[in-house]
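One structure is given here, and the rest of the page talks about it.
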Amino acid sequence: MNSQGISLVTGASKGIGEATAIRLAEAGFDIWLNYLSDHESARRIQVQIEGLGRNCTLVPFDVSDIKECQEALAPLLEKDTPFSIVNNAGITRDSLFIWMQDDDWNKVINVNLSGFFNITRIILPFMLRKRRGRIINISSTSGETGVAGQVNYSAAKAGIIGATRSLAVEVAKRNILVNAVSPGFIETDMINDLPIEEICKKIPLGRIGKAQEVADVVAFLCSPGSSYITGQVISVNGGIYT
């Protein structure tokens with residue numbers, strides 16, 4: 001299979017990022033796989049992607065650190081420009097706002113929102129020169145509706161939605177499409193400590209979503225079939241929020 005181009009997926013050593021990297025490789029993309037520190041998982045995913053006949057370049061760095069982003073991406077961008085960016089890296093540090101510590105606020109904002117800014121700002125000029133590209137930002141239902149104990153996370157993910165819509169308008173004339181995917185409750189480490197049975201009662205489809213179901217939407221947004229979709233937020237939440 002000929003390569004469809006390169007996709008950079010951040011936070012791709014587990015969960016939605018892992019599923020997305022593998023799904024895009026299945027769709028024919030070579031992968032720049034970003035992660036923070038889980039080298040073992042990253043290498044495992046690299047082997048799986050290469051088994052699909054695609055190239056997979058591991059690029060470990062902290063998306064919230066602009067210097068690390070620049071140092072890791074500059075050598076790659078000298079040779080290639082990704083067709084798509086999937087800004088997936090994210091963390092949670094939940095607590096009620098009245099007890100939230102400065103570090104809990106700053107870290108969540110820096111990874112989830114500033115990470116999008118750092119990565120996209122570095123790569124976007126190259127996409128503009130190519131006059132093509134896809135930017136997919138992973139938001140969350142928490143960014144669309146209020147969630148107690150997640151003021152920091154909700155603020156970051158709502159910011160992602162606003163940034164997606166504004167950037168889409170800015171770059172549309174250069175054939176760069178910018179969209180957000182907003183997962184609800186998905187089978188990842190982020191929900192390990194939640195009361196799953198009670199949550200499922202509130203979801204119209206009656207179950208938790210799978211990372212693969214989010215990855216499939218991202219793959220569609222990277223495909224020719226999405227060529228007239230930009231500035232949109234596509235929810236993958238089983239109907240819990242409409």
Side-chain angles (χ1 to χ4, degrees), residues 1-91 111-112 114-138 160 164 167 171 176-181 211 214-223 226:
M1 183 192 302
N2 292 329
S3 175
Q4 301 298 310
I6 295 167
S7 183
L8 166 63
V9 184
T10 69
S13 64
K14 60 183 178 180
I16 290 172
E18 174 183 352
T20 296
I22 293 168
R23 180 66 183 84
L24 289 173
E26 290 172 346
F29 287 91
D30 295 321
I31 305 297
W32 291 356
L33 193 146
N34 163 258
Y35 63 101
L36 181 59
S37 58
D38 193 344
H39 302 293
E40 183 177 351
S41 289
R43 284 192 289 267
R44 172 181 56 79
I45 297 164
Q46 181 184 42
V47 169
Q48 188 171 349
I49 288 172
E50 290 176 345
L52 295 169
R54 302 267 51 97
N55 295 321
C56 180
T57 302
L58 302 183
V59 277
F61 62 87
D62 182 352
V63 298
S64 70
D65 186 320
I66 185 61
K67 184 178 180 182
E68 285 192 26
C69 295
Q70 290 170 333
E71 289 177 350
L73 292 174
L76 298 176
L77 290 168
E78 288 179 359
K79 300 177 182 178
D80 293 298
T81 299
F83 173 74
S84 60
I85 307 168
V86 183
N87 286 303
N88 168 75
I91 62 168
V111 173
N112 291 281
S114 297
F116 147 80
F117 174 74
N118 292 338
I119 297 296
T120 307
R121 182 176 60 163
I122 291 169
I123 296 177
L124 184 59
F126 294 86
M127 286 184 164
L128 290 170
R129 291 187 202 113
K130 293 278 189 178
R131 303 184 73 92
R132 65 168 197 159
R134 307 289 172 88
I135 300 170
I136 297 100
N137 302 316
I138 306 300
I160 285 288
T164 294
L167 184 59
V171 300
I176 297 170
L177 311 182
V178 188
N179 292 288
V181 176
V214 181
D216 285 340
V217 175
V218 175
F220 167 69
L221 290 173
C222 290
S223 75
S226 69

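For the single chain, residues carry numbers from 1 onward in sequence order. All values below come from the heavy atoms of this structure, side chains included, with hydrogens, waters and symmetry mates left out.
Side chains of M127 and V171 form no contact here, defined as non-hydrogen atoms less than 4.5 Å apart. Side-chain contact between I122 and I66 is present, with heavy atoms from C-beta onward closer than 4.5 Å. Contact of the L167 side chain with the N137 side chain is not registered, since no non-hydrogen atoms from C-beta on lie closer than 4.5 Å. Side-chain contact between I91 and N112: present, with at least one pair of heavy atoms (C-beta onward) separated by less than 4.5 Å.
In terms of heavy-atom proximity, F220 sits nearest to S223 at O-OG, 2.6 Å. The heavy-atom pair separating L8 from P82 by the smallest distance is N-CB, 4.4 Å. A pairwise comparison of heavy atoms in A21 and A12 identifies CB-CB, 4.4 Å as the closest pair. In terms of heavy atoms, T10 sits closest to N88 at OG1-N, 2.8 Å. Smallest separation of non-hydrogen atoms from A219 and R23: CB-CG, 3.7 Å. Between A25 and L52, the shortest heavy-atom distance links the atoms CB-CD1, 3.9 Å.
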Side-chain donor-acceptor pairs under 3.5 Å in residues 40-47, sequence neighbours left out?
residue: S41; atom: OG; partner: D38; partner atom: OD1; Å: 3.3
residue: S41; atom: OG; partner: D38; partner atom: OD2; Å: 2.9
residue: R44; atom: NH1; partner: E18; partner atom: OE2; Å: 3.1
residue: Q46; atom: NE2; partner: C56; partner atom: O; Å: 2.9

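A distance of 13.5 Å separates CG of D62 from NZ of K67, quoted to the nearest 0.5 Å. One distance of note links OG1 of T20 with CZ of F29; it measures 12.0 Å at 0.5 Å rounding. In this structure, the separation between CZ on F83 and CD1 on I176 is 10.0 Å, given to the nearest 0.5 Å. To the nearest 0.5 angstrom, L36 atom CG is 10.5 Å from D65 atom CG. Between the CD1 atom of I123 and the CG atom of N118 there is a distance of 11.0 Å, given to the nearest 0.5 Å. Between atom SG of residue C69 and atom CD of residue E71 there is a gap of 10.0 Å, rounded to the nearest 0.5 Å.
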Verify side chain to side chain contact (heavy atoms under 4.5 Å, CB included) between L177 and L221, making sure each step is shown before the conclusion.
-> CA-CA 9 Å; L177 311 182; L221 290 173; over 6 Å; no

Stepwise, does the side chain to side chain contact (heavy atoms under 4.5 Å, CB included) test hold for V217 with I136?
-> CA-CA 10 Å; V217 175; I136 297 100; over 6 Å; no

Step by step, would you call N87 with T120 a side chain to side chain donor-acceptor pair (under 3.5 Å)?
-> CA-CA 8 Å; N87 286 303; T120 307; 3.1 Å; yes

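Scanning for side chain to side chain contact (heavy atoms under 4.5 Å, CB included) contacts around D80 gives I6, W32, with sequence neighbours left out. Contacts of A72 classified as side chain to side chain contact (heavy atoms under 4.5 Å, CB included), with partners at least two apart in sequence or in another chain: F61.
Between the side chain of N34 and the main chain of V9, no donor-acceptor pair closer than 3.5 Å is present.
Between the side chains of S226 and R134, a donor-acceptor pair is found at a separation under 3.5 Å.
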